[in-house]
Structures are given as C-alpha cells and as structure tokens.
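Working notes, beginning with the structure itself.
We number each residue from 1, following the sequence as shown. Note that the structure is a prediction, hence the values are computed from the model and not measured.
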Amino acid sequence: MSQLQSPVIPRYLSPFHAKLHPHFFTDVLVIGGGLAGLRAALSVDPSLRVLVVCKQGLTRSNSVKAQGGIATVWNMAVDNYESHVSDTLIAGGELCDPDVVRYIVSHGTEEVRHMLRWGANFDKQENGELLLGREGGHSQFRIIHAMGDATGQEIMRAMIHEVRMRPNIRVWEDTFALDLLTDSGFCRGAVVHWGKEDETELVWAKQTILASGGLGQLYRETTNPEIACGDGMAMAWRAGAVLRDMEFVQFHPTVLYIAGGSRSLITEAMRGEGAKLLDKNGYRFMQDYDARGELAPRDVVSRSIVAQMSKTNHPSVYLDLTHKDANWIYKRFPGIAAVCAQFGLDLARDRIPVRPGAHYAMGGVLVDNHGHTTIRGLWAAGEVASSGLHGANRLASNSLLEAVVMGHLAGQGASDIALQTTDEYRALALENKPIGYSQRMCRDCTNRLNCDTCVNAPDGVGRLNALSVDFSDIRNSLKSVMQRLVGIVREETGLTEAQGSIDHWSRYVFSRQFRQTEAWELQNMLIVAKLIIDGALNRRETRGSHNRSDYPKFAPGDAKHSLFQREEI
C-alpha cells in the first residue's frame, strides 16, 4: 500500500472549535450535487432529513456537461447484459470487478425507467422508442441520449426538479466541504465553509455520502469544469480512507483545440455516428493503430492521436463529419455545432481540430459493492469512488450508468443505517480544545485559535497567511507539470521530476493555513497529484489509461490494484 511521505500534511486543512462555530444536524449528509449525489439523496427514506452541499450551484457539476449519454441495455432483441459486461471488461484492462460490472450493467435499465418517470426527455425514434447510439468500445447500439448531445443537462434538469420537490431534502449551494469529521474510525459529518457568508460550520450526520466528482483540473488540457479539483479524494485520504488506482486518468481523445478557446468536449458519439479521424494531411490514420479504427476504446484512440501528432509535427488531428447530411448533423449534435460556430467552424463543412484532454478518473475512494468506504459511516459514489466498474480504462458512457446505480445503492445503504440510529451526537470530545492544528500547533495555542498572532509560533508554523502565496500561479504550474510529465505517455524520469515539483510546492503550501477556497483547492490538488504520481511510478507496466513508455508491455493475467492510505500523525 502506497504512502504519501513528506511533507507532513495536516489532518484538517483549517482549524475549528466546537464552541466558536455553528452546528447543523441532519440524518444523511451528501457532499456533491452531481448525478451521483442527487441520486443518492433521492434514495434516502422520506422520513429522514437529507442535506446536500455543493461547491457551486447544482447546474455547475460535471454531470451537466455530459454529452454522449448513458450506456444501458435497452433493446433486448439485439443486445444483452453479457455483451455490455464483456465490452466493459475488455476496456478495463483486467482490473474491473466482474461481479460489480454485472450488477451495475443489469440495473441500468431500471435506473433509466426511474429517470423517465422523473421527467427526463430522452431522444426517441418516430415510433416512440428510445433512440440508441453507439460509441467506442461498445459492440452494440446502447447509448441513450437527450437533446442530441446534451444528455447530462437533461438528466440533471429532471433530477434537480425531483430533488426540489422532496421536502426532506435541503440543498446548500456555494458551500465548500473542507474535511470529513471522524472519531474512532467513524465518519460523523463534515466541516463546511459557506463562501457567501465566510462562515465555517460543523455538519453532524448519522451517515455521510461522498459524491464530489473528479480531478480533471489537475491537467492543463481538460474537459472538466473549474470545480473538479479532487477535493473529495483528498479529504477522504486525510480522514484515513483507502484510495485505489489513482494513476488511471482517462484522456478523452477528442477535445476541441483552438488556441485561446475553451477546451470543449467533442462527444464520442460523433465517431459512433461515423465521424473520421484525419491527420493534418487528410490521412485517416486510426486503422494503422487498431483494427477497430475510430471505435477503439478511449485509451487506444488517445495514444494513437498523440503518436500521429508526433509523426506529423502538428498540435492536433481533425474530426471529419462532412460526409454526412448537414441537417442531420445540426439536429444530432446541436450543442457541438453551436460551440464550433463560435470559432467560425461549421460542423457540417469543416474538419474540427481536436486533441486529447483529461476527462475522467477511474481511481478514487475504495468502496465495496454497496458503496461503503473503508471508514464506517462514509459512503462514496460517482467519479470520486473506485467501485470496480471501470478498471484501468472506462468504457464510454458507463460513467452516468455508474453514477445512478451506485448513487442509489449508497443512498439506500446510508438510509437503512440512519433509520436505525438514534438522534444523539456525542461522538467527538471537542468541548475544550481546538481541532485542526495537529502537529503544527505552537505551544501557546492550546486554548485559542489565533496562532497568526502568537509570538512563540515558529516561523511558518500555524501562521495564517504568513507568506503571500500566489495560488493561481502554483495551480497553473501544477497543471502544466501534470500535463507534460504525468499525461497520456509517462516514464520514470519525468514522473520523478514531477514528484519533486509537487513536494517543493507542498512544503510551503502545507506549512501554513488559509481561509480562501482557492487555497484549499490547491492543497487538495497537490495531495491528489502526489497520489497519481506515486501510483504511476510504482506501476511499471502499460495498462489501460496508464502508458509507461519505459515499460510498454501489457502483461495479461498479472493485473494488480494500487492502494493508498495515509499514515497516522
């Protein structure tokens, strides 16, 4: 099991005192307002109180940005569960849990029916049946989509409406979860910070569900929103939870690449509908790398694009759908057509410049087949979790599937235990001491919090903002290092260099305490980056999304997981 060695990282990012902060009590706390979090909240018994906290608004999650759709076996006349299971296992590089894969795949149809009842308007054929698409790695047409290429937006619209209708569910937006509250190996809730009020609050919960999303912002080229900083993974690690397979970061093959423009995702469904990948010379190159061509799994396509860019000495390749009917293109991919039009590109007439970008984390907080983590009272679902579905490489459109199935399981499991738990909150003996300074407390701060004014505090120890730190500059440097040295292709020299950079920044970022969200995000990003690098250095092979140029061989039958847990401090 890998350990994060140095520098010393505190148990809590910010100090707090039970007598100095307000308290909120709930039955179930859900951290994260994406699809997994909302599905978990909706699965809690209506007699229980649920609090959902999210860093920004409910419409700002990664789930809203999902384009392609949700993969599920719907047309039983031509498709079946075993086919979907097989496709998932092949893509996962022998690291999927077959039992978990079968469970999630076999419960997808039921979850789609739930979403239909909640008002999700999926695209349909003229006969009223759901319109199914196909994406890379899938052997059948089984991708259910909405509004052409805005599936996440439509699903989340329906889910948010349903959550708003439930009187037992309260949502706190613009609320940053700093840390999980734990006592004797049991999660008791979380410390949260209200951005608008600049107030820290202790949220006590009988059960807590972590559904905070992924880590894409660690990379310069990413499809992820600004909030995807790996916060949940970092706070779970600080609390002592086991994390798994952090080195497996999936790069989506086709991200719009225009200098100065935002890195917009170009859905894999385009290749499923016949779009071709061409290099700068107009050569269709994918058959040179894989017999499945453009429909190979994402890790294969991403590596192939990088290799072709290197061959042609060009910063991108091109996605070509110009051989299709223009009216059909605009109807099938209206969102992408609109984005391209902002840059003077016509999806029906122009080749679209694309290159890979960080998209999804297969690793995360280890959960069992019910969604429970290694900490009692703490559950996890969605991208923050490692459930066993994705293995070393996620099959396209399996993420929304996992979010709803595992979100439901986590919500149901947390609900069952909360129903049996009495309304008593006596877990932590916080009455007489501040929490959060840990080893960094100076000798005069036992009964007070103002370490920044303590004359006996050693330099850089416990001092609030003792050094002016340009968080944005470090963040940009971190993203650049991760993109350059811990990206699609990795090797030991580069990984070691990246490790040194992360350690250097961490030494002075973690020696101080802050009250800015951007500082806490940076601290979380440094932790998660270190875990990814640690896993990438230790995994001396090429498997799934992890490609070591100095260890290029894939060893069938020798698949092993990477485990991460913090040392006691």
Side-chain angles (χ1 to χ4, degrees), residues 34-43 62-63 66-92 96-125 129-146 151-152 154-156 158-159 162 211 267-269 272 297-298 360 362 367 369-371 380-383 385-391 393-413:
L35 184 57
L38 298 191
R39 184 65 186 95
L42 290 170
S43 297
N62 233 345
S63 299
Q67 293 178 350
I70 178 170
T72 192
V73 177
W74 189 261
N75 186 356
M76 298 290 186
V78 296
D79 198 5
N80 58 74
Y81 293 135
E82 282 306 312
S83 175
H84 191 176
V85 168
S86 176
D87 292 343
T88 301
L89 294 176
I90 291 171
C96 302
D97 183 324
D99 292 335
V100 171
V101 174
R102 289 188 178 88
Y103 183 89
I104 293 177
V105 164
S106 63
H107 284 76
T109 308
E110 178 184 353
E111 286 300 322
V112 170
R113 292 196 178 101
H114 277 300
M115 287 184 278
L116 288 169
R117 286 196 291 270
W118 291 331
N121 296 308
F122 294 114
D123 294 340
K124 296 181 179 179
Q125 305 176 55
E129 290 295 321
L130 292 182
L131 182 64
L132 304 178
R134 184 182 174 191
E135 296 181 0
H138 288 275
S139 57
Q140 298 291 336
F141 285 79
R142 62 168 71 100
I143 314 301
I144 297 172
H145 49 82
T151 308
E154 173 58 20
I155 290 176
M156 287 297 290
M159 298 286 277
E162 186 67 20
T267 175
E268 192 154 0
R298 288 177 175 176
Y360 193 88
M362 274 71 69
V367 296
N369 54 11
H370 298 287
E383 191 173 357
S386 175
S387 69
L389 174 65
H390 305 307
N393 183 51
R394 176 174 69 89
L395 184 65
S397 288
N398 267 359
S399 54
L400 296 185
L401 170 67
E402 179 191 40
V404 290
V405 174
M406 294 304 295
H408 170 62
L409 275 179
Q412 191 175 59

message = Please identify which of these residues, D123, I144, D79, meets the side chain to side chain contact (heavy atoms under 4.5 Å, CB included) condition with L132.
response =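 The side chain to side chain contact (heavy atoms under 4.5 Å, CB included) with L132 is passed solely by I144 among D123, I144, D79.
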
Give a yes-or-no answer on whether the side chains of [X] and [Y] include a donor-acceptor pair shorter than 3.5 Å.
{"X": "S43", "Y": "R39", "result": "yes"}
{"X": "S387", "Y": "E402", "result": "yes"}
{"X": "T88", "Y": "R394", "result": "no"}
{"X": "S397", "Y": "E135", "result": "yes"}

Distance in Å, [X] [atom1] paired with [Y] [atom2], rounded so as to fall on 0.5 Å steps:
{"X": "S399", "Y": "H390", "atom1": "OG", "atom2": "NE2", "result": "6.5 Å"}
{"X": "I143", "Y": "W74", "atom1": "CD1", "atom2": "CH2", "result": "14.0 Å"}
{"X": "L42", "Y": "Q412", "atom1": "CG", "atom2": "CD", "result": "13.0 Å"}
{"X": "R142", "Y": "S83", "atom1": "CZ", "atom2": "OG", "result": "4.5 Å"}
{"X": "N80", "Y": "N75", "atom1": "CG", "atom2": "CG", "result": "11.0 Å"}
{"X": "M406", "Y": "L35", "atom1": "CE", "atom2": "CG", "result": "13.5 Å"}

Shortest non-hydrogen separation from [X] to [Y] and the atoms involved:
{"X": "C96", "Y": "P98", "answer": "O-CD, 3.3 Å"}
{"X": "I70", "Y": "V404", "answer": "CD1-CG2, 4.1 Å"}
{"X": "P297", "Y": "N393", "answer": "CB-ND2, 3.8 Å"}
{"X": "N121", "Y": "E154", "answer": "N-OE2, 2.8 Å"}
{"X": "N369", "Y": "L409", "answer": "O-CD1, 3.5 Å"}

inquiry  = Restricting to ring pair (Phe, Tyr, Trp, His ring centres under 6.0 Å), what partner residues turn up for H107, sequence neighbours left out?
reply    =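 For H107, the residues satisfying ring pair (Phe, Tyr, Trp, His ring centres under 6.0 Å) (neighbours in sequence not counted) are Y103.
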
query = Once the angle between the rings of H114 and H408 is folded into 0 to 90°, is it parallel (under 30°), tilted (30 to 60°) or perpendicular (over 60°)?
reply =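 Aromatic pair H114/H408 classed tilted.
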
ask   = Given I155 and L400, is the side chain to side chain contact (heavy atoms under 4.5 Å, CB included) satisfied, shown in steps?
value = CA-CA 10 Å; I155 290 176; L400 296 185; 4.2 Å; yes

Worked verdict on K124 versus L131 for side chain to side chain contact (heavy atoms under 4.5 Å, CB included) = CA-CA 5 Å; K124 296 181 179 179; L131 182 64; 5.6 Å; no

key: Intermediate values then yes/no, side chain to side chain contact (heavy atoms under 4.5 Å, CB included), R102 and Y81   = CA-CA 8 Å; R102 289 188 178 88; Y81 293 135; over 6 Å; no

request  = Using the salt bridge (charged side-chain N to carboxylate O under 4.0 Å, His left out) rule, take R298 and E268 through it: C-alpha gap first, then chi angles, then the decisive distance, then the call.
outcome  = CA-CA 9 Å; R298 288 177 175 176; E268 192 154 0; 2.4 Å; yes

